[in-house]
Peer 1: 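Just dropping this structure here.
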Amino acid sequence: SHGTSSIIFYEDRNFMGRSYECMNDCSDMTSYLSRCHSCRVESGCFMVYDRANYMGNQYFMRRGEYSDYMSMMGMRDCIRSCRMIPMYRGSYRMRIYERENFGGMMHELMDDCDNIMDRYRMNDCMSCHVMDGHWLMYEQPHYRGRMMYMRPGEYRSFRDMGYSGMRWMSMRRIMDSCY
């Protein structure tokens, strides 16, 4: 089951209407389905977005059936794009920075952090560098509120990515157990 990832999107609730199967990233689902009200994650984990090009609100989906995901997850808009989160079995390392462009206080994380304020006395995180592993960042402590999927790379400004006025207060690794 860890070989391929697959998510199937359906036009209507309860897996009705036309469907579209996706096995990797899809930047704009509207070319396949005009609307989407249910989905089924057959294998793997995916990040889904309510705007095209991996923008807007993000939601983490693991294997399972989502017969009416909008009401289940409190979403106001249909899924418009998705990213496949690859299975990863290695070490995790991320540097979080208080200011944009890797400025201000810096801390290196190798495991989950449920509250950057409590652990590091950091009251903001505006940029980060993910060296290893795949992570979820959350707006509130204890992995609550809106979230953002981080794959390895340099993220110089969360504001420029469309997340102005949002704070990131907790981070966790996307581990094997999610699959």
Peer 1: Looking at every non-hydrogen atom in both residues, tell me the closest pair between Tyr49 and Cys82 and how far apart they are.
Peer 2: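 Between these two residues, the closest heavy atoms are CD1-CA, 4.1 Å.
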Peer 1: Could you go step by step and tell me if Arg119 and Asp111 meet the salt bridge (Lys or Arg N to Asp or Glu O under 4.0 Å) rule?
Peer 2: CA-CA 12 Å; Arg119 193 194 284 187; Asp111 58 1; 3.4 Å; yes
Peer 1: Using side-chain heavy atoms (C-beta onward) and a distance below 4.5 Å, is Ser38 in contact with Phe9?
Peer 2: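 No, too far: nothing below the 4.5 Å cut-off.
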Peer 1: Compare every heavy atom of Arg63 with every heavy atom of Ser43, then report the nearest pair and how far apart it is.
Peer 2: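 Distance-wise, the nearest heavy atoms are CA-CD, 3.9 Å.
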Peer 1: With sequence neighbours excluded, tell me which residues meet side-chain hydrogen bond (donor to acceptor under 3.5 Å, both in side chains) with Tyr92.
Peer 2: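 By the side-chain hydrogen bond (donor to acceptor under 3.5 Å, both in side chains) rule, Tyr92 matches no residue at all.
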Peer 1: Are Met70 and Met73 in one and the same hydrophobic cluster, where Ile, Leu, Val, Met, Phe, Trp and Tyr link if side-chain heavy atoms are under 4.5 Å apart?
Peer 2: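 Yes, one cluster joins them.
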Peer 1: Say whether, by atom type as modelled, one donor and one acceptor occur between the side chain of Arg121 and the main chain of Asp118 under 3.5 angstrom.
Peer 2: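 Checked: pair present.
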Peer 1: Shortest non-hydrogen contact from Asp77 to Asp50?
Peer 2: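 Reported closest heavy-atom pair: CB-CB, 3.9 Å.
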Peer 1: For the side chain of Ser67 and the backbone of Asn14, is there at least one donor-acceptor N/O pair under 3.5 Å apart?
Peer 2: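 No; judged by distance alone, with no hydrogens or angles, the pair does not exist.
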Peer 1: Give the other cluster members for Ile8, using side-chain heavy-atom distances under 4.5 Å between Ile, Leu, Val, Met, Phe, Trp and Tyr residues; answer none if it is isolated.
Peer 2: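 ILVMFWY cluster around Ile8 also holds Tyr10, Phe15.
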Peer 1: Regarding Asp25 and Arg83, does a basic nitrogen lie under 4.0 Å from an acidic carboxylate oxygen?
Peer 2: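 Yes, this pair counts.
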Peer 1: Just how far is it from atom CE of Met148 to atom CD of Gln58, taken to the nearest 0.5 Å?
Peer 2: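 Met148 CE to Gln58 CD: 7.0 Å, rounded to 0.5 Å.
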Peer 1: Among all residues two or more places apart in sequence or in another chain, which pass the side-chain hydrogen bond (donor to acceptor under 3.5 Å, both in side chains) test with Arg51?
Peer 2: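 side-chain hydrogen bond (donor to acceptor under 3.5 Å, both in side chains) check on Arg51 returns nothing, list empty.
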Peer 1: Hey, could you give me the CD1/CZ distance between Ile85 and Arg62, rounded to the nearest 0.5 Å?
Peer 2: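 If I round to the nearest 0.5 Å, the distance is 10.0 Å.
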Peer 1: For residues 99-109, which side-chain donor-acceptor pairs fall under 3.5 Å, sequence neighbours excluded?
Peer 2:
| residue | atom | partner | partner atom | Å |
| --- | --- | --- | --- | --- |
| Glu100 | OE1 | Arg159 | NH2 | 3.1 |
| Glu100 | OE2 | Ser157 | OG | 2.7 |
| Glu100 | OE2 | Arg159 | NE | 3.3 |
| Glu108 | OE1 | Arg95 | NE | 2.7 |
| Glu108 | OE1 | Arg95 | NH2 | 3.1 |

Peer 1: Write down the atom of Ser27, the atom of Ser81, and the distance for their closest heavy-atom approach.
Peer 2: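 Here Ser27 and Ser81 meet closest at O-CB, 3.4 Å.
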Peer 1: Please collect all salt bridge (charged side-chain N to carboxylate O under 4.0 Å, His left out) contacts where either partner lies in residues 164-175, sequence neighbours excluded, each pair once.
Peer 2: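 Passing the test, one end in residues 164-175: Asp112-Arg173.
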Peer 1: In the single-linkage hydrophobic clustering (I, L, V, M, F, W, Y; side-chain heavy atoms under 4.5 Å), do Met110 and Tyr88 co-cluster?
Peer 2: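 Shared cluster, no.
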Peer 1: Going by the angle between their ring planes, with limits at 30° and 60°, are Phe158 and Trp168 parallel, tilted or perpendicular?
Peer 2: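 The rings of Phe158 and Trp168 stand perpendicular, inter-plane angle above 60°.
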Peer 1: Which residue pairs pass the ring pair (Phe, Tyr, Trp, His ring centres under 6.0 Å) test when at least one of the two sits in residues 63-86, sequence neighbours left out?
Peer 2: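 Listed once each, the pairs would be none.
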Peer 1: Output all residues satisfying ring-ring contact (aromatic ring centres under 6.0 Å, His included) with Tyr149, sequence neighbours left out; order by chain, then residue number.
Peer 2: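 For Tyr149, the residues satisfying ring-ring contact (aromatic ring centres under 6.0 Å, His included) (neighbours in sequence not counted) are His134.
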Peer 1: Can you list the steps and then say if Ile7 with Glu21 is a side chain to side chain contact (heavy atoms under 4.5 Å, CB included)?
Peer 2: CA-CA 6 Å; Ile7 186 170; Glu21 181 177 15; over 6 Å; no
Peer 1: Over all heavy atoms of both residues, which pair between Cys128 and Met94 is shortest? Give the atoms and the distance, please.
Peer 2: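 It is SG-SD, 4.0 Å.
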Peer 1: Any idea which heavy atoms bring Met61 and Val41 closest together, and the distance?
Peer 2: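 Smallest heavy-atom distance, with atoms named: CB-CG2, 4.0 Å.
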Peer 1: Just verifying a value: how many Å separate Ile116 CD1 and Ile96 CD1, rounded to the nearest 0.5 Å?
Peer 2: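 One finds 5.0 Å between CD1 of Ile116 and CD1 of Ile96.
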Peer 1: Would Tyr32 and Met84 show up in the same hydrophobic cluster when neighbours are defined by side-chain heavy atoms closer than 4.5 Å?
Peer 2: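 Both belong to a single hydrophobic cluster.
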Peer 1: Tell me, please, which residues at least two apart from Tyr155 pass ring-ring contact (aromatic ring centres under 6.0 Å, His included).
Peer 2: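 Scan of Tyr155 (ring-ring contact (aromatic ring centres under 6.0 Å, His included), adjacent residues dropped) gives none.
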Peer 1: What residues form a ring-ring contact (aromatic ring centres under 6.0 Å, His included) with Phe60, not counting sequence neighbours?
Peer 2: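 By the ring-ring contact (aromatic ring centres under 6.0 Å, His included) rule, Phe60 matches no residue at all.
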Peer 1: Could I get the full list of ring-ring contact (aromatic ring centres under 6.0 Å, His included) partners for Tyr59, not counting sequence neighbours?
Peer 2: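 Tyr59 satisfies ring-ring contact (aromatic ring centres under 6.0 Å, His included) with no residue once adjacent residues are dropped.
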Peer 1: Can you establish whether the number of heavy atoms outside Met161 located under 6.0 Å from its atom CE is more than 12?
Peer 2: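 Yes, enclosed.
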Peer 1: Using 0.5 Å steps for rounding, measure from the SG atom of Cys125 to the CE atom of Met166.
Peer 2: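 Interatomic distance, Cys125 SG to Met166 CE, rounded to 0.5 Å: 12.0 Å.
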Peer 1: Let me check something: do Met150 and Met169 share a hydrophobic cluster, defined by ILVMFWY side-chain heavy atoms less than 4.5 Å apart, either directly or through other members?
Peer 2: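 Met150 and Met169: one cluster.
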Peer 1: Which salt bridge (charged side-chain N to carboxylate O under 4.0 Å, His left out) pairs, counting each pair once, include a residue from residues 30-46, with sequence neighbours left out?
Peer 2: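 Residue pairs with at least one partner in residues 30-46: Glu11-Arg35, Asp12-Arg35, Arg40-Glu65.
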Peer 1: Enter the distance from Arg80:CZ to Met29:CE here, rounded to the nearest 0.5 Å.
Peer 2: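 The distance works out to 8.0 Å.
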Peer 1: Between Asp68 and Ser71, does any side-chain donor sit less than 3.5 Å from a side-chain acceptor?
Peer 2: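 A donor-acceptor contact under 3.5 Å links the two side chains.
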Peer 1: Less than 4.5 Å apart, side chain to side chain, heavy atoms only: is that true for His129 and Arg156?
Peer 2: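 No. Closest side-chain heavy atoms not under 4.5 Å.
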Peer 1: Supply the atom-to-atom distance Met87 CE to Thr4 OG1, rounded to the nearest 0.5 angstrom.
Peer 2: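 Atom-to-atom, Met87:CE and Thr4:OG1 are 12.0 Å apart.
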Peer 1: Go through Arg18 and Leu33 one step at a time and tell me if the side chain to side chain contact (heavy atoms under 4.5 Å, CB included) criterion holds.
Peer 2: CA-CA 7 Å; Arg18 292 194 314 140; Leu33 295 178; 4.0 Å; yes
Peer 1: Looking at residues at least two apart in the chain, or sitting in another chain, which of them share a side-chain hydrogen bond (donor to acceptor under 3.5 Å, both in side chains) with Asp132?
Peer 2: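 If we apply the side-chain hydrogen bond (donor to acceptor under 3.5 Å, both in side chains) test to Asp132, skipping adjacent residues, there are no hits.
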Peer 1: Could you give me the CA-CA distance, side-chain angles and deciding distance for Ser170 and Gln140, then say whether side-chain hydrogen bond (donor to acceptor under 3.5 Å, both in side chains) is met?
Peer 2: CA-CA 6 Å; Ser170 52; Gln140 294 163 23; over 6 Å; no
Peer 1: Salt-bridged, Arg89 to Asp176, with N to O below 4.0 Å?
Peer 2: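 Looking at Arg89 and Asp176, the cut-off is met.
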Peer 1: Do we see a donor-acceptor contact under 3.5 Å between the side chains of Tyr163 and Glu139?
Peer 2: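 Not at all, the side chains of Tyr163 and Glu139 share no donor-acceptor pair under 3.5 Å.
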Peer 1: Hydrophobic clustering (ILVMFWY, side-chain heavy atoms < 4.5 Å, transitive) - are Val130 and Met175 grouped together?
Peer 2: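 Yes.
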